Amino acid sequence: MTENTRPLNFVEKIVKEDLENKVVQSVQTRFPPEPNGYLHIGHAKSICLNFGIAQTFGGHCNLRFDDTNPEKEDIEYVEAIKDDIRWLGYQWSGEVKFTSNYFDQLHAWAVELIENDKAYVDDLDKDAARASRGTLKESGTNSPYRSRSVEENLALFEKMRLGEFDEGHCTLRIKGDMASPNMHLRDPIIYRIRKASHHQTGDKWCIYPSYDFAHGQGDAIEGVTHSICTLEFEEHRPLYNWFIDNLSVPSKPVQYEFSRLEVNYTVTSKRKLKQLVDDGIVDAWNDPRMPTISGMRRRGFTAAAIREFIDKSGVSRNKGVVDVSMLEFAIREDLNNNATRAMCVLRPLKVTLTNYPEDKTEILTTAGHPSREDLGTRELPFSNTLLIDQDDFREEANKQFKRLVIGKRTRLRNAYVIEADEAIKDTDGNIIEVKARIIENTLGNNPEDGIKPKGVIHWVDATDNVDCEVRLYDRLFNDPAPDAGGKDHMQSLNPNSLEILNGCKGEKGLATADNRIRFQFEREGYFVQDSRYSKPDALVYNRVISLRDTWGK
Ligand code: ATP
Ligand code: MG
């Protein structure tokens with residue numbers, strides 16, 4: 001997919017060298033989400049990297065659900081994650097995999113550790129176990145249960161498996177090193193009792209492996225050659241290697257870490273995004289304001305633009321925050337090249353053309369795109385009653401206002417030049433209609449009297465049009481770093497992130513267009529029908545993105 005010519009990133013370089021030096025015969029990667037929420041823009045980076053490497057180097061990439069936390073996980077998330085990966089343009093190798101597929105093997109490995117006197121059943125409760133691990137400055141202390149015999153440990157672990165103990169009664173820990181400077185090696189827990197049904201294994205198990213015990217071995221079972229993950233797992237690497245070295249695993253994956261994608265004005269944590277859904281701040285995980293892949297899809301972002309953004313953001317071990325305007329730029333570029341043009345008046349104002357015959361309708365034809373002939377042509381009915389945007393008319397204005405003003409001319413996009421004569425008001429003084437005249441022979445020509453129009457405005461025919469609702473989105477957060485330094489992201493919600501406009505009027509072709517087509521509504525931005533609310537007889541459009549970056553200006 002990345003058939004560009006950018007230099008290889010550091011992970012790609014490692015893979016290339018390993019292949020050249022025959023350290024590996026072929027490359028096997030995986031994307032390992034936990035199905036406890038929907039994927040977000042950060043995950044897109046991991047997806048592009050893992051699937052991209054497999055594509056570039058002729059290898060394979062697995063999709064493996066790391067499902068060791070039954071209470072927080074759900075099959076809904078499994079399906080959503082699959083949809084998101086496919087939509088981004090990738091296909092995993094073979095069947096979808098689950099860490100839970102390996103629960104039997106993981107259990108056997110836990111028994112192997114006990115048999116080799118490398119793991120023990122510990123009865124310390126949660127708080128005592130935590131205290132026993134010491135601090136970064138002080139060594140931990142051995143649990144009093146650490147010296148249990150192999151036989152006793154085997155028997156206790158079997159009782160754990162059979163459900164004979166309550167949750168929290170005991171755990172299985174490895175015999176690491178309570179004095180290790182790496183806290184992860186201080187006798188970490190590898191199995192705990194959870195009397196919970198699992199979305200894949202049902203009630204077969206009441207003990208579940210820890211993420212750390214499952215992750216590296218999952219990679220080993222799948223023959224993952226390059227186990228790529230984010231930097232927070234760097235400290236876990238010695239523990240993963242400990243398992244690999246102390247167990248009879250079929251292969252030895254090597255882990256490489258890169259820095260997480262962080263985007264300003266955004267939170268990338270499933271837990272924090274879930275809070276927005278649970279608290280009703282957004283209408284679902286795929287609300288068009290959400291930085292989830294499904295939210296961006298519903299909003300109208302394209303997979304190509306997201307991939308392009310990810311590619312431009314680079315892969316490194318340096319921490320940094322990427323400007324969200326880079327993502328917006330990628331969307332605009334893609335849509336400018338590919339979106340069909342249309343006109344839609346968001347806040348309609350009636351214009352009556354006093355010198356145009358009342359019973360006449362012309363059908364004007366115009367291009368679907370200024371440079372893309374393949375996007376065809378559009379037909380625009382034109383009669384003596386039109387609609388323009390309220391913001392495009394003023395009774396009086398200075399020279400900066402290049403739209404319709406009484407006594408002045410403007411061009412109607414793809415149609416005639418008109419001149420305004422009079423504003424009609426209601427009893428409250430609101431302008432409800434403009435009387436104007438067309439200037440003859442100005443279809444595609446400048447006025448013969450040499451008085452050129454100052455600007456161009458969009459319009460639709462007042463009777464032959466399509467009614468629609470338009471939803472304008474802005475950033476979800478006001479703060480560039482909504483959750484930095486432990487801040488509560490719920491405190492910086494932008495109250496104006498959604499504006500709903502009803503009674504918008506679009507050109508009539510919108511009624512019959514495919515509901516997935518993205519349009520540029522001329523002078524307004526890029527729009528697509530909302531997959532949740534739009535119906536054939538009640539169109540609802542999302543603004544994908546404005547035409548220009550107006551933030552902070
Ligand atoms: P979250 O905190 O949002 O729940 P996570 O890391 O716990 O994220 P996982 O489902 O475990 O979510 O992530 C699957 C893969 O995606 C992991 O390999 C993880 O490193 C990677 N990943 C998650 N967030 C990012 C990010 N912001 N940038 C790059 N990769 C990420
Ligand atoms: Mg995680």
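Note that the structure is a prediction, hence the values are computed from the model and not measured. Both counts, for ligands and for their atoms, begin at 1 and track the order of listing.
For the pair Asn36 and ligand 1, the shortest N or O to N or O distance does not fall below 3.5 Å. Considering backbone and side-chain atoms together, Lys45 places no N or O closer than 3.5 Å to any N or O of ligand 1. Looking at ligand 1, you'll find an N or O of Gly42 within less than 3.5 Å of one of its N or O atoms.
Remark: ligand 1 atoms within the under-4.0 Å shell around heavy atoms of Glu34 are 9 (P), 10 (O). Each of the following atoms of ligand 1 lies closer than 4.0 Å to a heavy atom of Thr230: 19 (C), 20 (O), 29 (C), 30 (N), 31 (C). For ligand 1, the atoms lying closer than 4.0 Å to a non-hydrogen atom of Pro32 are 14 (C), 18 (O). Atom numbering of ligand 1 starts at 1 in the shown order; those under 4.0 Å from a heavy atom of Pro33 are 10 (O), 14 (C). Within ligand 1, the atoms closer than 4.0 Å to a non-hydrogen atom of His40 are 3 (O), 24 (N), numbered from 1 in the order shown. In summary, the atoms of ligand 1 found under 4.0 Å from a heavy atom of Phe258, numbered by their order in the structure, are 29 (C), 30 (N).
The pair Arg271-Asp483 does not count as a salt bridge, with every side-chain nitrogen at least 4.0 angstrom from each carboxylate oxygen. Using a cutoff of 4.0 Å between basic side-chain nitrogens and carboxylate oxygens, Glu469 and Arg471 are scored as salt-bridged. Salt bridge Arg475/Glu328: present, at least one basic N to carboxylate O contact under 4.0 Å.
When His215, Lys270, His43, Lys274 are ranked by how near their heavy atoms come to atom 10 (O) of ligand 1, first place goes to Lys270.
Contacts classified as ring-ring contact (aromatic ring centres under 6.0 Å, His included) and involving residues 11-41 (residues at least two apart or in different chains) are given here: Tyr38-Tyr77, Tyr38-Trp285, His40-His43.
Under the side chain to side chain donor-acceptor pair (under 3.5 Å) rule, Asp219 has a single partner from Gln255, Gln28, His226, Arg64, which is Arg64.
In this structure, His107 and Phe157 have parallel ring planes: the angle between them is below the 30° cut-off, well short of the 60° mark.
In this structure Asp279 satisfies the salt bridge (charged side-chain N to carboxylate O under 4.0 Å, His left out) test with no other residue, sequence neighbours excluded.
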